[in-house]
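These notes are about the structure you will find just below.
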Amino acid sequence: MPDLLDTRAPKAWTAPLVSTVVTLPGAALALFFGGLSPMACDSCEGAQEDRFTRSFDSGWAVLCTGLVLALAVLVASWVLPWRQRHAANRVLLAVTAPAVVLCAFIAFVALVDWP
């Protein structure tokens, strides 16, 4: 008799698919708004411009790192073996991916010294 935990999980693709539908557009929006944010300091000069540029550079690095991490977590939710024993881990990874995008964007907004 086969072990029930080693049987193929029905609809194992549901959580990664929902996560993909939420994560990829969210990451694209975060990247879009992050990329447009240097225009917030177009009229800045001197010390204010230097503060903004330094803080933007570190914030941009955090945002990009967070988006790459979210993509890695999303891919992990897809490539985890589709067995019943991995169902909880797959759902956890699928929920974590959009949360990482949100946290990365919040960290970006918090790190940048806005004018």
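Here side-chain hydrogen bond (donor to acceptor under 3.5 Å, both in side chains) pairs that include residues 82-100, with residues two or more places apart or in two chains, are Asp6-Arg85. The disulfide bond (SG atoms under 2.5 Å apart) analysis of residues 21-52, with sequence neighbours excluded, yields the pairs Cys41-Cys44. Legend: side-chain hydrogen bond (donor to acceptor under 3.5 Å, both in side chains) pairs involving residues 70-81, not counting sequence neighbours, sorted by first then second residue: Thr20-Trp78. Within the structure, salt bridge (Lys or Arg N to Asp or Glu O under 4.0 Å) contacts touching residues 33-49 (residues at least two apart or in different chains) do not occur. Evaluation of the salt bridge (Lys or Arg N to Asp or Glu O under 4.0 Å) test over residues 61-78, restricted to residues two or more places apart or in two chains, returns none.
Following chains of ILVMFWY side-chain contacts shorter than 4.5 Å, one cannot reach Leu74 starting from Val18, and the two form parts of different hydrophobic clusters. Linking Ile, Leu, Val, Met, Phe, Trp and Tyr whenever their side-chain heavy atoms come within less than 4.5 Å puts Leu80 and Val73 in one cluster. Follow the hydrophobic side-chain contacts under 4.5 Å out from Leu67 and you reach Phe56 in the same cluster.
Listed by chain and residue number, nothing satisfies the side-chain contact (heavy atoms from CB on, under 4.5 Å) test with Val68 (two or more places apart in sequence, or in another chain). Remark: Trp60 pairs with no residue by the side-chain hydrogen bond (donor to acceptor under 3.5 Å, both in side chains) rule, at least two apart or across chains. Asp57 meets the side-chain contact (heavy atoms from CB on, under 4.5 Å) test with Thr53; sequence neighbours excluded. Every residue two or more places apart in sequence or in another chain that forms a salt bridge (charged side-chain N to carboxylate O under 4.0 Å, His left out) with Asp113 is listed here: Arg51.
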Side-chain donor-acceptor pairs under 3.5 Å in residues 99-112, sequence neighbours left out?
none

What donor-acceptor contacts under 3.5 angstrom involve side-chain atoms of residues 21-38, with partners at least two apart or in another chain?
residue : atom : partner : partner atom : Å
Thr23   : OG1  : Ser19   : O            : 2.7
Thr23   : OG1  : Ser19   : OG           : 3.4
Ser37   : OG   : Gly34   : O            : 2.7

